Amino acid sequence: MDLIKEYNIPIELKGVIPGYIGRRDQDITSLKTFVANQDFDSVSKLGHKLKGNGASFGFDRISELGGLLMKACDRYDIAEVKSLVADFEGEVNSIKSAVL
């Protein structure tokens with residue numbers, strides 16, 4: 001799979017994608033901890049970060065999931081937050097399998 005074409009990654013960012021995705025692994029760990037503690041504020045803040053940086057790296061789905069996490073936190077919908085965290089983890093794993 002051509003990651004550049006698949007995810008519309010700007011060619012000049014190709015070299016930084018592994019580090020970016022590695023940081024998303026850390027985000028998954030953080031999100032799971034926040035969910036376990038029902039810390040909606042921290043989930044929302046991390047969702048905001050994802051919303052802002054995903055598309056910048058060519059990962060529109062990560063940005064979309066970040067925005068959805070923020071909205072689910074506004075409603076205190078823990079079931080939706082859990083589902084979105086699982087979706088985010090799946091997206092990161094899909095990207096990792098294409099990159100690494």
Side-chain angles (χ1 to χ4, degrees):
M1 168 186 348
D2 185 348
L3 187 69
I4 296 294
K5 289 180 184 174
E6 171 89 10
Y7 289 100
N8 195 31
I9 297 170
I11 192 74
E12 62 273 9
L13 294 179
K14 185 177 181 181
V16 300
I17 296 303
Y20 174 80
I21 294 303
R23 288 185 299 280
R24 302 303 65 88
D25 278 334
Q26 295 168 355
D27 291 341
I28 291 165
T29 300
S30 295
L31 284 167
K32 288 179 177 181
T33 299
F34 299 152
V35 168
N37 294 320
Q38 295 196 17
D39 183 350
F40 291 100
D41 186 53
S42 293
V43 172
S44 185
K45 286 178 184 175
L46 187 46
H48 184 265
K49 179 177 87 169
L50 296 172
K51 181 180 176 186
N53 70 27
S56 299
F57 284 86
F59 301 114
D60 295 335
R61 179 69 178 146
I62 288 178
S63 285
E64 178 185 5
L65 289 167
L68 293 170
L69 278 167
M70 292 169 60
K71 289 178 183 177
C73 287
D74 287 345
R75 296 187 310 273
Y76 298 98
D77 187 342
I78 194 67
E80 180 68 10
V81 169
K82 287 178 182 180
S83 176
L84 290 165
V85 169
D87 290 349
F88 174 63
E89 184 173 20
E91 180 67 12
V92 169
N93 287 334
S94 292
I95 296 167
K96 282 187 346 190
S97 69
V99 173
L100 307 176

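Keep in mind that this is a model prediction, so the values were computed, not measured.
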ILVMFWY network linking I28 to F57, side-chain heavy atoms under 4.5 angstrom: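 Linked, I28 and F57 end up in one cluster.
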
Side chains of [X] and [Y], heavy atoms from C-beta outward: is any pair under 4.5 Å?
X   : Y   : result
D87 : E64 : no
D27 : L46 : yes
V85 : E89 : no
D39 : T33 : no

Audit row: V81, F34, side-chain contact (heavy atoms from CB on, under 4.5 Å) steps and yes/no: CA-CA 10 Å; V81 169; F34 299 152; over 6 Å; no

Aromatic ring pairing F40/Y76, orientation class (parallel under 30°, perpendicular over 60°, tilted between):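 Answer is perpendicular, since the angle exceeds 60°.
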
Salt-bridge contact D74-K71 (side-chain N to carboxylate O under 4.0 Å):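 No.
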
Short N-O contact, D41 and K45, less than 4.0 angstrom: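 Here D41 pairs with K45 in a salt bridge, since their nearest N and O are under 4.0 Å apart.
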
Value rounded to 0.5 Å, distance of [atom1] in [X] from [atom2] in [Y]:
X   : Y   : atom1 : atom2 : value
L69 : L31 : CG    : CG    : 6.5 Å
I62 : I21 : CD1   : CD1   : 4.5 Å
F59 : S94 : CZ    : OG    : 11.0 Å
N93 : F88 : CG    : CZ    : 10.0 Å
D77 : K82 : CG    : NZ    : 10.5 Å
E91 : L84 : CD    : CG    : 12.5 Å

Any donor-acceptor N/O pair, S63 side chain to A55 backbone, under 3.5 Å: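 Yes: the side chain of S63 pairs with the backbone of A55.
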
Under 3.5 Å donor-acceptor, S30 side chain and Q26 backbone: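 The answer is yes, because a donor-acceptor pair under 3.5 Å joins these two groups.
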
Considering all heavy atoms, the nearest P18-G15 contact: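 Answer, listing the atom of P18 first, then G15: CD-O, 3.7 Å.
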
Closest heavy-atom pair and its distance - H48, M70: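 Of all heavy-atom pairs spanning H48 and M70, the closest is CA-SD, 3.4 Å.
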
